[in-house]
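Model, not experiment: these values are computed from the prediction. Reminder, nothing fancy here: chain letters follow the sequence lines and each chain counts from 1.
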Amino acid sequence: MADPIVYVEQRIAAAFAKVAGAKADGIDTAVRASDRADAQVNGSIALAKAMGLTPRDVATKVLEVADLKDICSDAQVAGPGFINLTFQNEFLARELMSSSASEKLGVRNATKPRKIVIDYSAPNVAKEMHVGHLRSTVIGDALVRMLMFVGNTVVRENHVGDWGTPFGMLIEHLVDLGETHAANELSVGDLDSFYRSARKKFDESEQFQARARARVVLLQGGDAETLRLWKLLVAESTRYFQMIYRTLGVLLEDTDIMGESAYNNLLPQVVERLGKLKMLTTSDGAEVVFAEGFVNRENQPLPLIIRKTDGGYNYATSDLACVIDRVERLDADLLLYVVGAPQAQHLQMVAAVSKQAGWLNSSREMVHVSFGNVLGADKKMLKTRSGETVKLDALLTESVERAAAAVAEKNPELSDVEKAKIARTVGIGAVKYADLSTDRIKDYTFDWDRMLSFDGNTAPYLQYAHARICSIFRRANVERASVRSFEPVISHTAERELAMRVLQFDSALWDTIDKYSPHRLCTYLYELATSFSSFYEQCPVLKAETETERTSRLMLCDLTARVMQTGLGVLGIEAPEQM
RNA sequence: GCCCUUGUAGCUCAGUGGAUAGAGCACCGGACUUCUAAUCCGUUGGUCGUAGGUUCGACUCCUACCAAGGGCGCCA
């Protein structure tokens, strides 16, 4: 327990219970951060009516019985009936020590760890990854890291698009090009032109269309030669994805790939089981499930199509198979889908059908971690087929190059190896942070300058704060670990603000996890960095006036750096020691 | 037509029913013989889309409307 606000909350709740008894039930006695004091409680106002007292009287009574002697230096009733709390510096110092001594820097573990399957990234085989694919990959990676950090078991699943009708056309194009030539073209990483050529042929030639359709039948029928060609496409694409993932520094591995094709043998079972449950209806020749509450344009019930008129399956079937597999084989109790907002209705229908079928319930749930689109200059969704999209690869390369130029200018004395390493860390960090730092639910318009900015609220700013602290310790020639158990003396306002901020790591991280919203942690880390920068300007560390002051500040610096590094770490961003 | 999401400073965005709505960028003015100036300090900038409602209190909750984006039967 390191966050003073979390700490004091119990004492306040106890005081409310003492004053109001059962009337305090359901009253919000939460303690919140405030600009008027360290923290504020406003439950007295809501409670006043029920008790027949004025809000200020209630607040006064609460303060009379509240046990705050060892925590607060000041507790006052203010305004209409708020309670403003100011923490003792000695209390903050004790909490800092507790945070410093804990391996997780004061962050509480999950009270009930879960087994979580998280579905993210999901690029398409034989298609280039463009800037639109950044979101799922980066948000998913951050969630994986933070969920694991607090003690959950997390299974990563990359649901790549490796099956379905487009593969007829892709395989036929592969045959036309010849395997060697095709493999060569694909390995260069120019997947878009491969896909576009195939598409063009498909659109222009009926003969080619017929071949493509026949090939899909062969593929789904398990024809050995067709499967061999299909695997060739998948293997080349997988290599390309893995190259992007390594550059990006995300945790995804080849072994995390659970493509659409992986569920093939489960698809007949889905139909069978829904049939047994009497959920299937035949409609216009297709096998469908009508989930309650979904209607189409004509206000008729909207079906989830399980088996098409031609006997084939589609993505609804495979998504249901996924649910079954994740619940029954993996025994997951939480399924996260880091998938774009346009899929919202589809996923709602899959969830509704899964609940009706009993695969999901109140203790096994699925959550759509939805995110807005990356828009083009025309404010429309980026589409690979129309208009030029920025390739993810190109964006990352450009960012690293700009970072390299910045490092060369600011730190010319570093070795080339170090410079290159820092440029990668800063360049990649900037791009990831640009995506993670805004609310995932909102669309954003792609903008080079925004993605590649190194000033203000950006990853390099947070990394810089960390690097400065590392620099202090290098100069001082002091081992970081040696100051960790020192009880700091807090006197300066800037020290105090930094201390308060450091102690909020636990709440900030949990708030982020509860809402699956990485931008909340970004906001916190940015505030931590600004608090540190302000402290850095005002409070000399190495030239502190006394030995106690110096060691106190070193202790605070070390803890700040650890929180920054850990916080950036769970966002998937590295914190270099120099930059 | 129905449904979902979004609308906050010139631009990009934070904001947990709580007091006077905050940052960054841009603009303007300061601070490097100093622990890293990728920084700091200050100035300027607001009908929180519009109109009602609930509440002691609304950017936040509810309703209607406006605008933008997305979804709505065999592509994934």
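Distances shorter than 4.0 Å separate none of the side-chain N or O atoms of A:Y464 from OP1 or OP2 on B:rC40. An OP1 or OP2 oxygen of B:rC75 is reached within less than 4.0 angstrom by a side-chain nitrogen or oxygen of A:K308. The phosphate of B:rG70 (OP1 or OP2) has no side-chain N or O of A:K380 nearer than 4.0 angstrom. Listed pair A:R475 / B:rU36 meets the phosphate criterion, a side-chain N or O lying under 4.0 Å from OP1 or OP2. When the side-chain nitrogen and oxygen atoms of A:R520 are compared with OP1 and OP2 of B:rU16, one or more of them lie within a distance under 4.0 Å.
Distance check on atom C1': B:rG15 versus B:rA23 gives 10 Å, rounded to whole Å. B:rG71 sits 15 Å from B:rC75 when the C1' atoms are compared, rounded to a whole Å.
Each of B:rU12, B:rC40, B:rG18 was ranked by its minimum atom distance to the side chain of A:Y461; first place goes to B:rC40. In this structure, of B:rC72, B:rC40, B:rC75, it is B:rC75 that holds the atom nearest to the side chain of A:T165.
One atom, CZ of A:F294, and another, P of B:rG73, lie 13 Å apart when rounded to the nearest Å. As a whole-Å value, the separation of A:D447 CG from B:rU12 C1' is 9 Å.
Look at B:rC32: its glycosidic torsion is within 90° of 0, and that puts it in the syn range.
A donor-acceptor contact under 3.5 Å is not formed by the side chain of A:R468 with the base of B:rU36.
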